[in-house]
Amino acid sequence: MTMSRVAALGERSRVTGLALAGAVVLVADDAQAVRRVWRSLPDGIDLVILTPTAAEALDSDTATPGPHRPLTAVMPP
């Protein structure tokens with residue numbers, strides 16, 4: 001049995017604290033960086049917590065079904 005990994009993607013000020021809970025922190029402070037990080041997510045990430053700004057930058061990328069697409073959750077504003 002393998003353990004699922006969680007990542008947090010978005011602005012530094014919103015995601016760094018999630019490292020204390022064991023999340024892989026992926027800092028991306030602008031839309032271009034968010035899309036770049038999303039396309040190169042580390043292997044084994046099953047859940048990505050997005051800041052509202054990161055979710056907006058990804059828009060339909062997270063909604064497109066894929067065999068290895070992680071589950072996403074968006075933080076409240």
Side-chain angles (χ1 to χ4, degrees):
M1 179 179 205
T2 60
M3 188 168 187
S4 296
R5 291 175 58 201
V6 176
L9 171 58
E11 310 89 89
R12 180 178 307 278
S13 63
R14 300 280 319 258
V15 298
T16 52
L18 292 171
L20 295 171
V24 175
V25 173
L26 305 167
V27 174
D29 289 315
D30 60 56
Q32 183 177 353
V34 168
R35 289 188 290 274
R36 185 177 60 249
V37 170
W38 178 258
R39 287 190 300 269
S40 62
L41 285 173
D43 290 338
I45 300 294
D46 295 313
L47 170 65
V48 180
I49 301 169
L50 301 166
T51 64
T53 303
E56 185 177 313
L58 291 174
D59 194 28
S60 63
D61 285 352
T62 58
T64 305
H68 303 290
R69 177 109 32 229
L71 180 66
T72 58
V74 180
M75 293 177 182

Q: Start with the C-alpha gap between Val24 and Leu41, add the side-chain angles, then the distance that decides, and say whether side-chain contact (heavy atoms from CB on, under 4.5 Å) holds.
A: CA-CA 10 Å; Val24 175; Leu41 285 173; over 6 Å; no
Q: Would you please name every residue forming a side-chain contact (heavy atoms from CB on, under 4.5 Å) with Ala28, sequence neighbours left out?
A: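 side-chain contact (heavy atoms from CB on, under 4.5 Å) list for Ala28, sorted by chain: Leu9, Ala33, Val34, Val37.
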Same apolar cluster (I L V M F W Y, side chains within < 4.5 Å links), [X]/[Y]:
X: Trp38; Y: Ile45; result: yes
X: Leu58; Y: Leu26; result: yes
X: Val74; Y: Leu71; result: no
X: Leu18; Y: Val6; result: yes

Q. For Asp30, what residues pass the side-chain hydrogen bond (donor to acceptor under 3.5 Å, both in side chains) criterion, not counting sequence neighbours?
A.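 Result, side-chain hydrogen bond (donor to acceptor under 3.5 Å, both in side chains) vs Asp30: none returned.
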Q | Contacts of Ser13 that satisfy side-chain hydrogen bond (donor to acceptor under 3.5 Å, both in side chains) - sequence neighbours left out | A |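 Ser13 satisfies side-chain hydrogen bond (donor to acceptor under 3.5 Å, both in side chains) with no other residue.
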Closest non-hydrogen atom pair, [X] against [Y]:
X: Pro70; Y: Val48; result: CG-CG2, 3.8 Å
X: Ala54; Y: Gly10; result: CB-CA, 4.1 Å
X: Met75; Y: Arg14; result: CE-O, 3.4 Å

Q) Just wondering, do Arg5 and Asp46 contact through their side chains at under 4.5 Å, heavy atoms? A)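 The answer is no; the side chains never approach within 4.5 Å.
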Q: Kindly indicate whether the side chain of Val27, heavy atoms from C-beta on, has any atom under 4.5 Å from the side chain of Val15.
A: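 Of all side-chain heavy-atom pairs linking Val15 with Val27, at least one is under 4.5 Å.
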Q. Sub-3.5 Å donor-acceptor pair from the side chain of Arg12 to the main-chain atoms of Asp29, do we have one?
A.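 Answer holds: no.
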